[in-house]
Amino acid sequence: MTRTSFNEINCSLARTVDIIGDKWSLLIIRDAFFGVQRFSEFEDRLGIAKTVLSNRLNILVENEILKKVSTNPEVDRFIYKLTPRGRDLLVTVVSLVQWGDKWVFGEGQEPIEIWDKEELASIQQLGLQARSGKILEARDVVFKPGPGATSEMISMFEDYYLQKSQDES
């Protein structure tokens, strides 16, 4: 089966899910945060087929989420380590875990807890904050074209806001 590429879409979310939006890729990234580094460890923990694992690891390496590091130059053995790009996915992974804790498992049924090593306490629930520090909800935010928006993206937003203002009048 051929995957549809979102590489030409002028949208950060579309291009990001093109790289990490596959369930196996997210679980590989999760396990990398847990400290898993070897191909065989990923394979055993995830129960994933070698071909699928190899493909996903290659995509993550090509996109600089993981780096492939030789463990011995004389043999073909590698470990996979998170790169700075990969480590920047921590908030995304934690956000997905917290959403699953709330909506899939329910309070008091969380499979894992995420703790601050220094404070030896569970971390705070993530939330979207305004620059003032106010916690925002979906109704509190709007999306608008950014500096990298194409003319099509700008037109889409103009059409949306024009329609919305007509609906409100």
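None of these values were measured; they are calculated from a predicted model.
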Quick one: salt bridge (Lys or Arg N to Asp or Glu O under 4.0 Å) partners of Lys134, sequence neighbours excluded?
none
List the residues meeting side-chain contact (heavy atoms from CB on, under 4.5 Å) with Asn58, not counting sequence neighbours, and say none if there are none.
Ser54, Glu62
Among residues at least two apart in sequence or on other chains, which ones pass side-chain hydrogen bond (donor to acceptor under 3.5 Å, both in side chains) with Glu152?
Thr150
Kindly write out the residues that satisfy side-chain hydrogen bond (donor to acceptor under 3.5 Å, both in side chains) with Glu107, not counting sequence neighbours, or none if the list is empty.
none
Using only atom types and a distance under 3.5 Å, with no angle test, would you say the side chain of Asn63 pairs donor to acceptor with the backbone of Ile65?
no
What distance separates Phe143 CZ from Met156 CE, expressed to the nearest 0.5 Å?
10.5 Å
Go through the structure and list residues passing side-chain contact (heavy atoms from CB on, under 4.5 Å) with Thr92, not counting sequence neighbours.
Leu89, Leu96
Mind checking what makes side-chain contact (heavy atoms from CB on, under 4.5 Å) contact with Gln98, not counting sequence neighbours?
Val94, Ile123, Gln125, Leu126
Side-chain heavy atoms nearer than 4.5 Å, only ILVMFWY residues, links allowed to pass through others: does that put Leu60 and Phe78 together?
no
Using a 3.5 Å distance criterion without hydrogens, assess whether the side chain of Arg15 forms a donor-acceptor pair with backbone atoms of Asn10.
no
By salt bridge (Lys or Arg N to Asp or Glu O under 4.0 Å), which residues pair with Arg139, not counting sequence neighbours?
Glu137
Applying salt bridge (Lys or Arg N to Asp or Glu O under 4.0 Å), can you list everything that pairs with Asp31, at least two apart in sequence or on another chain?
Arg45
Any residue meeting side-chain contact (heavy atoms from CB on, under 4.5 Å) with Arg38, in chain and number order, not counting sequence neighbours
Ser40, Glu41, Thr71, Ile79
Applying salt bridge (Lys or Arg N to Asp or Glu O under 4.0 Å), which residue pairs with at least one partner in residues 46-55 are found, sequence neighbours left out?
Glu43-Lys50
Would you say the side chain of Tyr80 lies within less than 4.5 Å of the side chain of Gln37, judging by non-hydrogen atoms?
no
Run the side-chain hydrogen bond (donor to acceptor under 3.5 Å, both in side chains) test against Ser155 and tell me which residues pass, sequence neighbours left out.
none
ILVMFWY cluster membership beyond Trp99 - transitive side-chain contacts under 4.5 angstrom
Trp103, Val104, Phe105
